Trainee: 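One structure coming up, written as structure tokens, with questions to follow.
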Amino acid sequence: MLALYNTLSNRVEPFAPLAEGRVRMYTCGPTVYDYAHIGNYRTFVFADILRRHLRRSGYELRHAMNLTDVDDKTIRNAKAAGMSLTDYTDKYIAAFWEDMLILHMERPEIIARATDHIPDMVNTIQQLEERGFTYRREGSVYFRIEKFPGYGKLSKIDLSGMRPGARVDQDEYEKADVRDFVLWKAPKPDEPYWESELGPGRPGWHIECSVMATKYLGETFDIHAGGTDLVFPHHENEIAQSEALTGKPFARYWVHCEHLLVDGQKMSKSLGNYYTLRDLLGRGYSPAAIRYLLASVPHGKQLNFTLEGLQQAANAIERLENFRFRLAHSSFPEGANPEIEAKTAAFPEALRKALDDDLNTAQALGALFELVRDANTAIDKGQLCQGNVEGILRCLEDWNGIFDVLPPAEGISDLKLDATFQLSAEEIERKIQERQDARRGRNFALADQIRDALVEAGVLIEDTRDGVRWRRK
RNA sequence: GGCGCGGUACCCAAGUGGUAAGGGAGAGGUCUGCAAAACCUUUAUGCGGCGGUUCGAAUCCGCCCCGCGCCUCCA
């Protein structure tokens, strides 16, 4: 049974959805003011693995994710770029989905764009007003924290020391109490705004998640996920708004992903340790290696991102690819090795157990590599049989259904190549045959020359006991 | 200061009372005309430090040291 660390209780709890067999999950998506960075993608990979594991466990999943396309930064950057807010955010939404595709992220069932839900938000704010949870100042509407007794239950933060009236945010200095937060922001000159029953303005950040989560998932839903920095104030405020209105628990399990650090420090542009996905691809690292590294450290622990770690991830994937290649392209004796059969049969359970334990991806990796080593050892001893191959391949696919870092089993190598340099499989086979003839004639100079030429063309030659095999690098 | 995460080999990392998974790197080996690749083996009497509990502790308790995050821009 799945167990998740719940920020509400600060404990690992057994997970059971509200409705049997169905999970409703909300994750905080990006604010589309720029390209997302790899820290963002760590959190999204975590959510992706969670959703895959839920589905693999047999749950029917309804997963909603928001796109924040109106806030101070999107407005500021759009203005600086001389674009309309919509054109500007469209651009970064498109970039976001490109990145998500590159990183093999599954698309949530529901994508909710904030600016498509303005009337819903206005409506919710009006209801909060009617029930006395808000007040107005200078055209803005604020949520009054002291009206919600449960405030702080998620972050366990004690705000009693904060003084009412302190100036905190230039935009919000009219608040009655610094702990209050804005629901509806009055427009400043040159800012986009919406006409509404609340007057002209735009929504605050927190209200969008409350409104869209409730709209698509119900007043109470199962899982709310996001980065650890959102615990306070974002998620705390979501709870306040939502539960003030409904009187019911908002999300039942709050799961948060710890931050990614770069070289032991928080990423920042001024430190020069700030990476987008594009930066890393530009340096020649593969999307699979990036996804593997982001997935390999369990989400409860900070991940120290280094380029060395990325290289280690790439090497680990290569080991798996080699293993699969070896299975697919060697010949084995008939029959089946019962020991390997037993290990193969036990694997899905080992994988499930690791992931059930608060998504322990490191353990899931360990389980796979143990199987790989056992199988390789059996192959070396000539003890792995044809009857074992399919089962092992199925384990790899099973594992890859979560991690998704291995290319499709066949025909992939053709995809990762520059068409201009690409030799066809037939040409390669012919060259290899020429080299084999040369070797048989002990003309090693010619054989090596052919081999070097192939390497130059990105084709790797391996002389094995079972003959020559090749693959593209 | 409050809340939270963590300190396990050269690097990453699992392990919540029974004698240290796994990956990367290094070293040795198998194979080979030579390479390369691949594969195998190997690498922590030790788990930040000091005490304590226990037959037994990386795991439990106490004290201490160190790193990081959040505390109203933040994944």
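Protein chains get the first letters and strands the later ones, always in sequence-line order, with residue 1 at the start of each. Every value quoted in this text rests on a predicted model; they were computed, and no experiment measured them.
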Trainee: Work out how far the P atom of G7(B) is from that of C11(B), and round it to whole angstrom.
Mentor: 14 Å
Trainee: Ala316(A) near the nucleic acid: base, sugar-phosphate alone, or nothing, with a heavy-atom cut-off under 4.0 Å?
Mentor: sugar-phosphate
Trainee: Give Tyr5(A) one of three labels, base, sugar-phosphate or nothing, depending on what nucleic acid heavy atoms sit under 4.0 Å from its own.
Mentor: sugar-phosphate
Trainee: What does A44(B) pair with, Watson-Crick or G-U, if both distances are under 3.5 Å?
Mentor: none
Trainee: Between Phe148(A) and Phe143(A), what is the ring plane arrangement, given parallel below 30°, perpendicular above 60°, and tilted in between?
Mentor: perpendicular
Trainee: With a 3.5 Å limit on both atom pairs, tell me what G4(B) is paired to, counting Watson-Crick and G-U wobble, or say none.
Mentor: C68(B)
Trainee: Between atom CD in Gln302(A) and atom C1' in C70(B), what is the gap in whole Å?
Mentor: 10 Å
Trainee: Using atom C1' of each nucleotide, how far apart are A58(B) and G69(B) to the nearest Å?
Mentor: 24 Å
Trainee: Where the side chain of Glu236(A) meets the backbone of Leu154(A), is there a donor-acceptor pair that is under 3.5 Å apart?
Mentor: yes
Trainee: Tell me what Pro298(A) touches on the nucleic acid: a base, only sugar-phosphate, or nothing, going by heavy atoms under 4.0 Å.
Mentor: sugar-phosphate
Trainee: Looking at A38(B), I'd like to know if its phosphate oxygens (OP1 or OP2) sit under 4.0 Å from a side-chain N or O belonging to Asn376(A).
Mentor: no
Trainee: Rounded to the nearest Å, what distance is computed from the CD atom of residue Glu462(A) to the C1' atom of nucleotide A36(B)?
Mentor: 8 Å
Trainee: Take atom NZ of Lys185(A) and atom C1' of U72(B), then tell me their distance rounded to the nearest Å.
Mentor: 12 Å
Trainee: Find the distance Met100(A):CE to A75(B):P and express it as a whole number of Å.
Mentor: 14 Å
Trainee: With a 4.0 Å cutoff (strictly under), does any side-chain N or O of Arg373(A) reach OP1 or OP2 of G22(B)?
Mentor: yes
Trainee: Do Arg451(A) side-chain and A36(B) base share a donor-acceptor contact under 3.5 Å?
Mentor: no
Trainee: Identify the two heavy atoms, one from Pro14(A) and one from Met1(A), that lie closest to each other, and give their separation to 0.1 Å.
Mentor: CB-SD, 3.9 Å
Trainee: Are Val262(A) and Thr306(A) side-chain neighbours, meaning at least one heavy-atom pair lies under 4.5 Å?
Mentor: no
Trainee: It should be established whether Arg319(A) places a side-chain nitrogen or oxygen under 4.0 Å from OP1 or OP2 of nucleotide A38(B).
Mentor: no
Trainee: Mind checking Val297(A) for me? I need base, sugar-phosphate or nothing, with any heavy atom below 4.0 Å counting as a touch.
Mentor: sugar-phosphate
Trainee: What interatomic distance, in whole Å, is found between C1' of G46(B) and the corresponding atom of G15(B)?
Mentor: 14 Å
Trainee: Taking atom types as they are modelled, is there a donor-acceptor pair under 3.5 Å from the base of G15(B) to the side chain of Asn360(A)?
Mentor: no
Trainee: Whole angstroms only, please: what is the CG-C1' distance between Leu460(A) and A36(B)?
Mentor: 7 Å
Trainee: Hey, is the side chain of Asn315(A) poking within less than 4.0 Å of OP1 or OP2 on A25(B), counting only N and O atoms?
Mentor: yes
Trainee: Determine the interatomic distance between P on A9(B) and the same-named atom on U45(B); round to the nearest Å.
Mentor: 11 Å
Trainee: By nearest nucleotide on RNA chain B, pick out whichever of Asn40(A) and Leu303(A) is the more 5' one.
Mentor: Leu303(A)
Trainee: Considering only the P atoms, how many Å lie between C60(B) and G1(B), rounded to the nearest integer?
Mentor: 24 Å
Trainee: Checking base pairs now: Watson-Crick or wobble, both atom distances under 3.5 Å. What partners C63(B)?
Mentor: G49(B)
Trainee: Quick one: does Asn443(A)'s side chain have a donor or acceptor within less than 3.5 Å of a partner on Leu446(A)'s backbone?
Mentor: yes
Trainee: Counting Watson-Crick and G-U wobble pairs only, both distances under 3.5 Å, name the nucleotide matched with A35(B), or none.
Mentor: none
Trainee: With a 3.5 Å limit on both atom pairs, tell me what C55(B) is paired to, counting Watson-Crick and G-U wobble, or say none.
Mentor: G18(B)
Trainee: Leu368(A) near the nucleic acid: base, sugar-phosphate alone, or nothing, with a heavy-atom cut-off under 4.0 Å?
Mentor: nothing
Trainee: Taking Arg42(A) for the side chain and Leu261(A) for the main chain, is one N or O donor matched with an acceptor at less than 3.5 Å?
Mentor: no
Trainee: Whole-Å distance between C5(B) C1' and Arg11(A) CZ?
Mentor: 18 Å
Trainee: Base, sugar-phosphate, or nothing: which does Gly366(A) touch, judged by heavy atoms less than 4.0 Å apart?
Mentor: base
Trainee: Check this for me: does the side-chain of Glu308(A) come within 3.5 Å of the base of C11(B) through a donor and an acceptor?
Mentor: no
Trainee: Do Phe369(A) and the base of G22(B) stack face to face, with centres under 5.5 Å apart and an angle between planes under 30°?
Mentor: no
Trainee: What's Gly39(A) touching, base or sugar-phosphate or nothing? Going by heavy atoms closer than 4.0 Å.
Mentor: base
Trainee: Given that Ala364(A) and Arg435(A) both sit by RNA chain B, which one's nearest nucleotide is further toward the 5' end?
Mentor: Ala364(A)
Trainee: Heavy atoms, side chains only, cut-off 4.5 Å: are His235(A) and His256(A) in contact?
Mentor: yes
Trainee: If you measure from the P atom in G28(B) to the same atom in G33(B), how many Å do you get, rounded?
Mentor: 22 Å
Trainee: Please give the distance between the C1' atoms of C47(B) and U16(B) as a whole number of Å.
Mentor: 14 Å
Trainee: Send over the distance from Leu8(A) CG to C3(B) C1', rounded to a whole Å.
Mentor: 14 Å
Trainee: Can you tell me if the side-chain N/O atoms of Tyr292(A) get under 4.0 Å from OP1 or OP2 in G23(B)?
Mentor: no
Trainee: How long is the line joining NE2 of His256(A) and P of C68(B), in whole Å?
Mentor: 23 Å
Trainee: Does Asn66(A) use its side chain to pair, donor to acceptor, with the backbone of Gly29(A) at less than 3.5 Å?
Mentor: yes
Trainee: When the C1' atoms of U59(B) and G6(B) are compared, how many Å lie between them, rounded to an integer?
Mentor: 15 Å
Trainee: For A14(B) and Lys301(A) - does any side-chain N or O of the residue sit under 4.0 Å from the phosphate oxygens OP1/OP2?
Mentor: yes
